[in-house]
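Notes to accompany the following structure.
Lettering follows sequence order; numbering is per chain, from 1. This structure is a prediction, so every number in the text was calculated from the model and none was measured.
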Amino acid sequence: MAERELTYAQAIYEATAQEMERDPSVFVFGLGVDDPIGLYGTTLDLHKRFGPERNFDTPLAEDAMTGVAVGAAFAGLRPIHVHQRMDFLMLCMNQLVNVAAKASYTFAGAVKAPIVVRGVIGRSWGQGPQHSQSLHSMFMHVPGLKVVAPTTPHDAKGCLIAAIRDDNPVIFMEHRMLYNILGIVPERVYEVPFGKARVLASGDDITIVAISHMVVEALRAKAHLEAEGIYAEVIDPVSLAPLDIETIAGSAERTGRLLVVDNDWTGCGASAEIIAAVTERLQDGRVPRVARLGFAPAPCPTTKPLENLFYPTGRTIATKAHAMVRGGGSDWVPHAAEAAEIAEFRGPF
Amino acid sequence: MAERELTYAQAIYEATAQEMERDPSVFVFGLGVDDPIGLYGTTLDLHKRFGPERNFDTPLAEDAMTGVAVGAAFAGLRPIHVHQRMDFLMLCMNQLVNVAAKASYTFAGAVKAPIVVRGVIGRSWGQGPQHSQSLHSMFMHVPGLKVVAPTTPHDAKGCLIAAIRDDNPVIFMEHRMLYNILGIVPERVYEVPFGKARVLASGDDITIVAISHMVVEALRAKAHLEAEGIYAEVIDPVSLAPLDIETIAGSAERTGRLLVVDNDWTGCGASAEIIAAVTERLQDGRVPRVARLGFAPAPCPTTKPLENLFYPTGRTIATKAHAMVRGGGSDWVPHAAEAAEIAEFRGPF
Amino acid sequence: MGSRSNTSRQHRIDAAASAADGQRQPPVGIAQPGAQADSGSSEHAVRLYRAMRRIRRVEEQIERVYPTDKIKSPVHLSTGQEAASVGVCDALRPDDVVFATYRGHAAYLAKGGNLRAMIAELYGKADGCARGKAGSMHLIDVAAGFMGTSAIVGTTIPQAVGHAFAMKYKRADRVTVAFFGDGATEEGTFHESMNFAALKRLPILFVCENNLYAIHSHVRDRAVEPDLSRRAASYRMPARRIEDGDVLAINAAAKDAVEAIRRGEGPQFIEVMTYRYCRHVGPGGDTVLGYRTQSEIDQWKARDPIAQIGESLPIPTRTMLDAEIEIEIADAFEFAERSPFPGGDELVADVFHG
Amino acid sequence: MGSRSNTSRQHRIDAAASAADGQRQPPVGIAQPGAQADSGSSEHAVRLYRAMRRIRRVEEQIERVYPTDKIKSPVHLSTGQEAASVGVCDALRPDDVVFATYRGHAAYLAKGGNLRAMIAELYGKADGCARGKAGSMHLIDVAAGFMGTSAIVGTTIPQAVGHAFAMKYKRADRVTVAFFGDGATEEGTFHESMNFAALKRLPILFVCENNLYAIHSHVRDRAVEPDLSRRAASYRMPARRIEDGDVLAINAAAKDAVEAIRRGEGPQFIEVMTYRYCRHVGPGGDTVLGYRTQSEIDQWKARDPIAQIGESLPIPTRTMLDAEIEIEIADAFEFAERSPFPGGDELVADVFHG
Ligand SMILES: Cc1ncc(C[n+]2csc(CCOP(=O)(O)OP(=O)(O)O)c2C)c(N)n1
Ligand SMILES: Cc1ncc(C[n+]2csc(CCOP(=O)(O)OP(=O)(O)O)c2C)c(N)n1
Ligand SMILES: [Mg+2]
Ligand SMILES: [Mg+2]
């Protein structure tokens with residue numbers, strides 16, 4: 001039982017179904033959730049199981065549908081609003097940033113807005129500039145919003161359950177390249193609490209904090225580095241707001257080096273926040289060397305050769321970490337094939 | 001002539017009128033620009049001078065009006081789209097982030113989107129949670145956008161002219177508490193180039209970087225600190241994207257202390273970016289002590305006593321700087337009256 | 001009738017007093033809308049007059065106090081527009097729910113929002129309906145069925161739709177009302193909301209208070225089709241337009257609409273032509289700005305709905321009602337004066353719920 | 001006629017060849033829309049047939065190549081919907097401008113976009129219309145009057161309005177066209193755009209290609225009013241709906257509308273009922289998914305507009321046209337194959353303009 005494996009997508013489906021089973025106020029809506037694809041299987045046929053009022057498609061109307069989620073939440077429901085891309089959240093910023101984030105505070109707790117906003121991060125197969133963004137730092141910036149970006153199937157299930165039960169708006173980020181990753185997922189219902197980072201691998205030479213799909217790349221980097229005798233500690237923050245700076249700073253203080261790898265741009269990004277917060281916190285002790293890696297400072301190009309250069313990879317992360325540990329002059333580059341999940345992806349979109 | 005003084009609002013008006021005079025492709029639009037208030041005088045009666053097609057009111061439709069600006073820019077015009085509050089930009093994020101920012105790159109330079117988006121930052125007199133935000137870090141995060149936040153009338157005029165002439169989308173931020181500030185503004189047409197910070201006051205003990213209206217507060221803090229024999233260098237980045245990290249890092253390296261004060265929240269904010277970028281850059285030399293000040297981690301409250309606590313002030317900045325210079329145990333607090341521009345404000349809204 | 005209203009006022013003050021103790025209860029009284037059947041046209045007229053007059057006098061008192069800087073906050077007064085809120089809310093049950101806007105004093109009071117908590121909120125005090133954090137633009141009284149208003153035009157429209165969705169989802173027979181201005185109908189979210197409400201046949205009444213202006217901009221400068229109720233046709237939604245601002249006509253239309261909605265016939269749309277007497281924000285008039293004419297203002301004031309319905313009542317009745325209203329208002333302002341400011345710990349309280 | 005088309009094809013290939021040298025010029029040819037008056041119904045039919053057939057064959061060739069993974073990018077094929085783009089673009093002048101969507105191959109080609117640059121773009125190559133950075137979802141050919149498309153539904157609608165605003169501002173007599181799908185009319189931005197265009201009487205033609213579906217969702221599950229052209233009434237905008245997808249009817253309606261727009265009569269709206277043969281994205285059909293029936297597909301295919309107009313042409317003419325098209329397409333794919341990938345310096349080039 002404890003050894004049962006699910007994919008990340010299956011874990012999301014299971015969390016949703018279990019919570020819908022438990023709590024009749026939970027419902028799912030968004031473009032395509034009840035179609036034959038069911039958002040990569042994560043919502044597949046939920047309407048058949050729970051009725052068409054609890055898993056339904058909507059018109060194309062991201063802004064108003066977010067307002068609908070907020071209004072339904074005010075009335076005691078727990079909507080899960082699903083978006084096929086994080087990029088589309090740019091259409092809902094007004095409701096998310098100006099309303100949902102501020103409702104509890106503005107009305108001194110008289111209302112709450114327990115909405116879960118699921119957003120898929122696109123990558124590979126020519127997603128291009130408008131279907132590949134993460135943009136989580138925009139949400140991390142705004143008090144009143146929670147932001148989670150689980151990486152493992154285990155955390156996907158536990159974070160989604162926690163998000164559904166949370167009395168606040170939660171942005172739940174799913175990277176499409178993670179959907180097919182397998183991992184042990186307990187069948188029982190459990191919550192992964194927000195604000196607790198996960199140390200995925202221990203090491204003494206450098207701390208690598210990686211976000212969302214970059215965790216997978218960081219683990220690849222770790223393997224490359226080990227061949228060189230460099231031992232990296234890899235930390236997955238899991239939840240970005242709240243952010244577990246204690247764990248990260250503790251590790252960075254110990255290793256003396258902190259490399260933050262984000263699935264996003266670095267400027268005013270999560271990586272900037274992590275480095276600033278760690279630096280502020282550690283200045284009376286051992287100040288670590290710090291560096292950031294993220295998207296190239298450009299919109300995401302469509303053509304594959306440029307897209308390959310756009311993202312950090314196990315290779316570029318390893319090279320950067322190597323230079324931080326062994327000194328800047330190093331021009332070591334590990335041998336590495338293209339990541340399978342990226343190379344093999346052909347859809348669905 | 002060189003000594004002529006204008007208010008910040010007048011400087012914006014003059015920049016606009018001079019550019020409209022020079023270039024018939026420049027026009028202004030947005031809610032209320034041609035009304036009897038004329039956005040605090042910044043657009044007052046421009047339609048009488050340049051015709052109703054070049055300064056016009058619109059329906060309430062922030063998203064589409066931004067698209068209109070982009071489309072008009074594609075066709076060779078230079079729109080200035082004015083928003084009564086930065087908060088309303090949350091309604092235009094899709095056009096700004098997903099389209100305008102990416103047009104030049106996506107189409108490999110075949111089009112350009114020279115739009116100026118003017119946004120007013122509200123404060124005081126019970127603006128509350130939805131009329132007081134800055135949110136500049138969201139724009140700084142996105143490659144393809146430029147962001148400027150001039151503080152002096154001189155820079156307001158020069159930056160606006162530079163923004164109008166820039167071939168890219170520029171977010172131009174104006175803090176309402178700056179509108180009545182007087183300063184020397186040359187009558188001639190001039191550009192203040194982006195990416196060059198301004199050292200407003202020199203000092204050896206600490207570097208205070210402050211953004212928008214916080215520059216005014218930082219200068220007050222500097223005066224308080226001088227009474228204690230502490231000399232602060234005060235830097236106004238003027239343009240936030242591009243950001244002049246060289247000047248800031250140079251100063252911080254010299255003083256050994258960097259305090260960044262933002263008119264915004266700190267998490268993933270401009271202050272995080274500045275601290276992260278400076279830290280990355282200086283780690284081979286003298287790593288400065290760093291700290292951030294910004295909004296309280298909450299939506300902005302409406303009632304005055306809480307609003308007063310929400311913002312950094314000359315006092316709280318001085319206290320923080322004092323502690324950084326003299327050590328954490330210090331409980332020194334300067335005597336200071338409430339800032340006049342805040343205490344006296346009664347509208348217009 | 002006099003005695004009934006008297007008793008009711010007692011209830012109201014009791015409820016307000018309990019709010020002062022931090023227990024927020026819905027006020028009960030004849031200003032409390034709906035539920036009761038009209039036991040004769042005179043009682044109906046009294047109810048409408050009283051509710052409108054009360055709102056008018058509250059707004060006037062706000063205007064009077066405003067120059068003292070005790071209300072350090074923008075106020076978007078409802079003066080002149082009372083009939084829309086009162087006419088519609090009178091057709092509602094107490095457990096029906098209203099979403100409105102920053103120009104929300106009238107709707108808040110018409111739906112039974114606590115007056116003391118409102119004035120204390122305007123004063124930024126700890127006994128305000130949101131402990132001073134919200135101010136005039138964000139009134140709320142959940143117990144009275146009045147949801148928090150927003151200072152961003154249009155945002156409460158889809159929220160109201162979401163609330164109506166929840167009512168249908170829960171098989172509750174409650175009706176949700178979305179109040180909004182003419183300007184709000186230009187925002188895309190209005191259309192998205194109308195389409196979805198129609199598609200899902202939600203129990204919602206859309207009420208557009210068309211006061212001809214968005215700040216200083218006339219509706220004809222913002223739309224070629226000035227009859228905004230026609231926009232409902234795109235969604236096959238029943239719609240009516242009440243041209244003259246008459247409270248009885250508004251009330252009759254609202255009753256019809258609410259009944260149909262409660263029968264499960266889906267959403268309806270009412271456009272109420274109305275007029276704002278004061279400037280867009282703040283006390284007093286604004287003819288000096290020149291964007292509207294004195295004669296336009298005079299025309300609307302000549303058919304002031306409060307005066308009209310007031311004339312239908314016997315003078316003693318009116319005198320009594322007016323006196324009661326004055327007492328209640330004086331009490332609310334005194335309450336606000338006495339209430340303390342929130343403590344510094346409130347600065348970061350309730351950012352997250354629970 | 002044969003010789004004319006032959007010469008024209010030469011022009012086209014010349015233009016395409018110059019694009020290969022990095023000089024991006026508008027192609028010239030009889031597939032080039034508009035401008036010329038119809039010198040007889042047969043030439044008109046040839047023009048329409050040729051343009052539609054060319055698009056169809058390009059899409060089919062993309063389908064054929066797709067499984068080789070040379071086009072590493074989502075493709076939203078226009079197969080079945082050619083008549084909308086061709087019928088409308090044929091009514092335009094070369095200097096008129098079109099804004100379209102991620103499902104933009106048809107509109108791009110119908111407006112005269114360079115075929116070689118398009119296929120190279122799909123291949124992600126340096127000679128693509130945007131050097132491979134854009135891909136199928138973001139085609140552009142400014143010289144041909146085809147503006148960059150968007151992968152976010154609805155975004156190009158207000159941009160088209162802005163472009164039309166600029167034309168009016170500059171006193172140019174050019175017409176702007178916004179193509180969009182049925183799903184896009186649900187986005188708020190559509191309404192905001194319609195209202196503004198009507199208010200300012202802008203020279204814009206709105207063309208809704210109603211193919212009944214947004215991905216797998218039928219229009220009746222997204223709107224109670226399935227006649228989307230009725231939405232124009234809210235803005236007093238003249239609107240028509242072409243029910244049967246017939247290219248001649250579309251073309252006639254477009255000509256009428258464009259003439260009126262050019263006369264300064266303000267915006268117009270055309271809803272074209274049409275049908276997508278392939279899956280939402282990618283090659284091949286999708287009946288296996290079960291969201292639409294084979295009989296629905298068959299009904300639409302039975303009145304395929306290309307076949308219909310093709311039948312009206314003499315067989316030798318058609319044979320010749322078809323052959324020319326095949327040569328041009330083969331050339332474009334070969335061109336794309338030969339073109340290099342962009343160099344790494346392109347990664348951060350053009351983030352900012354100038
Ligand atoms: C999204 C948004 N845009 C602009 C504003 C600025 N604004 C505040 S009130 C207002 C006018 C709204 O007019 P209407 O909807 O008719 O309501 P009224 O004030 O007349 O009651 C505007 C433009 C805003 N608050 N929100
Ligand atoms: C704003 C936005 N929401 C959702 C999507 C996902 N999406 C891509 S295409 C599409 C369907 C659009 O339907 P329609 O406008 O009818 O165009 P069609 O694909 O039928 O040509 C959707 C929902 C998107 N790209 N943009
Ligand atoms: Mg109005
Ligand atoms: Mg469609």
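Within the 4.5 angstrom heavy-atom criterion, no atom of L202(D) approaches chain B. Interface residue V111(B): backbone and side-chain heavy atoms are both found under 4.5 Å from chain D. Proximity to chain B (any heavy atom under 4.5 Å) is restricted, for F99(D), to the side chain, taken from C-beta onward. If you measure heavy-atom distances from L199(D) to chain B, the contacts under 4.5 Å come from the side chain alone. For chain D, the nearby part of N98(B) is the side chain; its heavy atoms alone come within less than 4.5 Å. For chain B, the nearby part of E346(D) is the backbone; its heavy atoms alone come within less than 4.5 Å. No part of A160(D) comes within reach of chain B, as not one of its non-hydrogen atoms sits under 4.5 angstrom from that chain.
One finds a salt bridge joining D95(D) and R93(D) here, because a Lys/Arg side-chain nitrogen approaches an Asp/Glu carboxylate oxygen to under 4.0 Å. The pair K168(D)-E53(B) does not meet the salt-bridge criterion, since no charged nitrogen lies less than 4.0 angstrom from a carboxylate oxygen. Ion pair R54(B)/D34(B) not flagged as a salt bridge, since none of the NZ, NE, NH1 or NH2 atoms sits closer than 4.0 Å to an Asp/Glu carboxylate oxygen.
For residues 23-31 of chain B, a heavy-atom distance under 4.5 Å to chain D picks out P24(B), S25(B), V26(B), F27(B), given by residue number.
Cation-pi check for K112(B) over F74(B) is not met; the charged atom does not lie both under 6.0 angstrom from the ring centroid and within 45 degrees of its normal.
In this structure the side chain of T155(D) never reaches within 4.5 angstrom of the side chain of T189(D), judged on heavy atoms. For the pair R22(B) and V189(B), the minimum side-chain heavy-atom distance is 4.5 Å or more.
Side chains of T176(D) and H163(D): a donor on one and an acceptor on the other come within 3.5 Å.
Just one of R262(D), Q268(D), R263(D) meets the side chain to side chain donor-acceptor pair (under 3.5 Å) condition when paired with E265(D); it is R263(D).
I245(B) approaches A277(B) most closely through the heavy-atom pair CD1-CB, 3.6 Å.
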